[in-house]
Every structure is written in structure tokens, then in C-alpha cells.
Amino acid sequence: MPRWPLIASAIVALGALSGAAAYQHAAPRQHERNGDWQEIAWPFPRDGWPAGKAFRCGAAACGGEVELYVRPKMGFCNCDRGVADDDEVDRVADLDLLSERFAPVAPGDVVGIADMPGRIRAYDLNMSDGSRHAAFGIAVARRCDLLVAVAHGKRDAPEMRRAALDFLATREMTRWMMAAMEGR
């Protein structure tokens, strides 16, 4: 039996494998996809800060419905220290827009979003309808300006934190956050 059909088959198989590998490498990774998160209208009344962006991730994609609100607060940060402690996250992260009854569940952690350092902290929210939600408040700083975010839902808190941070790390959100911090 001639060897050339075996060699040709091997070359075709290697080509197909390398094509599949190239496709997988070029396909967006889960944390780079925005399709699981849909932008919704900013649900809060006007206050001293401009409205931001609001998003919802459905139960099928995020294991439970999660909402995320993000906005800049220009000139509202300690220019020397940035977001220095959990008390500052408690004050600025917009949790009070969701419920006046929120309580931290643990000390916060250092976090970086779009090359801005800050903190993230977990909370329990007692909603006005009597339900309880898990939430995360995030505050990061750039010069004298803040970017704040809050995510909440009825789902598992660590999974919600991961989903929200992954979404905030996408290229599209990073571009928007940096433009918002520049006032554009």
C-alpha cells in the first residue's frame, strides 16, 4: 500500500487541528463577552452625580439575576490616598440607592478595575419589599475622581462578585469607564 495517502491524511488532520486551535484562540473568552449582560435604563432618580450605566445579567447566564450600576463621581476622592479604607466604600458606593438598610458582611479587599486601584466589599441588603439580597460595593480612584459600582442579586455572593468583576474587566467596559473618567 502506498504511503502517500497516509501522509496526505496526516497533513489534512494537522491542518484541521491547527485551524480549530486558531478558532478557539481567536474566539472571545467568557470574561470578554458582554452578551450575558444587557444594558438597562438607569433606575435611580437624579442626585448630585450624573447617571451612569446599568446592566442586568439573567439567571441562565449568571446563575441568578444580577444587576450592576456603574458611574463616575468626579472630584469626590482623596487626591493623595485614593480609596483608603472600607468606610469610604460604605459611604460612596451607591448602596443607599438600593436600600437604606445595608450591612457589611466582612472586611473588604483591594481591587483594581481599568488600572484604577480601590476596594470591594460585600454587603447584605434588606430591600423595601422585605427580601434580602447580596451586594458588592466597589470604589476605585484615579487622581481626585472616583468610579463606583454596585452589584446586587439573590444569588451566591462569590459567583456574583466574579461575574460582575469579569464584566467590568471587558474591553468595552474598560473603554467606557476610562472615557467616563475623562468626562467624555
Side-chain angles (χ1 to χ4, degrees), residues 27-73 76-77 83 85-114 116-141 146-177 180-181:
R29 295 183 305 237
Q30 176 67 27
H31 79 279
E32 292 178 342
R33 293 185 316 141
N34 295 352
D36 296 336
W37 291 86
Q38 300 301 313
E39 188 166 356
I40 59 175
W42 185 256
F44 306 112
R46 299 296 276 176
D47 59 9
W49 307 105
K53 285 191 173 248
F55 302 91
R56 180 176 294 128
C57 185
C62 289
E65 192 167 288
V66 178
E67 290 188 359
L68 174 69
Y69 314 105
V70 185
R71 69 176 170 168
K73 292 186 175 182
F76 195 63
C77 187
V83 180
D85 56 37
D86 289 339
D87 290 338
E88 189 160 7
V89 179
D90 296 348
R91 285 191 306 274
V92 302
D94 286 343
L95 290 152
D96 59 326
L97 296 177
L98 299 168
S99 173
E100 291 292 329
R101 298 180 314 253
F102 62 89
V105 297
D109 296 311
V110 172
V111 71
I113 295 174
M116 294 179 281
R119 297 192 62 78
I120 184 171
R121 192 170 195 191
Y123 299 87
D124 280 332
L125 298 176
N126 291 315
M127 306 302 283
S128 61
D129 66 0
S131 66
R132 294 190 58 190
H133 285 203
F136 284 93
I138 302 167
V140 293
L146 282 176
L147 182 87
V148 298
V150 63
H152 79 100
K154 294 181 181 179
R155 63 172 296 181
D156 180 50
E159 287 298 311
M160 181 174 45
R161 174 183 166 143
R162 182 202 50 76
L165 288 174
D166 283 353
F167 177 64
L168 290 172
T170 62
R171 279 177 262 172
E172 182 179 326
M173 283 304 296
T174 298
R175 279 194 300 268
W176 177 82
M177 288 183 285
M181 295 299 281

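Checked by atom type and distance alone, the side chain of Asp86 pairs as donor or acceptor with a backbone atom of Gly108 at under 3.5 Å. Side-chain N or O atoms of Thr174 include none that pairs as donor or acceptor with a backbone N or O of Ala114 at under 3.5 Å. The backbone N or O of Glu65 lies less than 3.5 Å from no partner atom in the side chain of Arg56, so there is not a single donor-acceptor pair. Between the Arg121 side chain and the Ala106 main chain, a donor and an acceptor come within less than 3.5 Å of each other.
Classified by interplanar angle (parallel below 30°, tilted 30° to 60°, perpendicular above 60°), the ring pair His152/Tyr69 is parallel.
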| Hey, mind stepping through Val70 and Trp176 against side chain to side chain contact (heavy atoms under 4.5 Å, CB included) and telling me if it holds? | CA-CA 10 Å; Val70 185; Trp176 177 82; 3.7 Å; yes

| Verdict with supporting geometry, Glu67 and Ile40, side chain to side chain contact (heavy atoms under 4.5 Å, CB included) | CA-CA 9 Å; Glu67 290 188 359; Ile40 59 175; 4.2 Å; yes

| said: If you apply the rule side chain to side chain contact (heavy atoms under 4.5 Å, CB included), what do you find for Val66 with Glu159, and how did you get there? | reply: CA-CA 10 Å; Val66 178; Glu159 287 298 311; over 6 Å; no

| Candidate pair Val92 and Val83, rule side chain to side chain contact (heavy atoms under 4.5 Å, CB included), full reasoning | CA-CA 10 Å; Val92 302; Val83 180; 5.9 Å; no

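Between Phe102 and the options Val150, Asn126, Leu125, a side-chain contact (heavy atoms from CB on, under 4.5 Å) holds for only Leu125.
Here the two rings, on Phe167 and Trp37, have centers that are under 6.0 Å apart.
Of all heavy-atom pairs spanning Met181 and Leu147, the tightest one is SD-CB, 3.9 Å. Heavy atoms only, all atoms of each residue included: Ile138 and Leu168 are closest at CD1-CD1, 3.9 Å.
Within the 4.5 Å cutoff, no side-chain heavy atoms of Met173 are placed close to those of Leu68. Using a 4.5 Å cut-off on side-chain heavy atoms (C-beta onward), Arg119 and Glu88 make no contact.
The line from CG of Asp47 to CG of Leu97 is 6.0 Å long, rounded to the nearest 0.5 Å.
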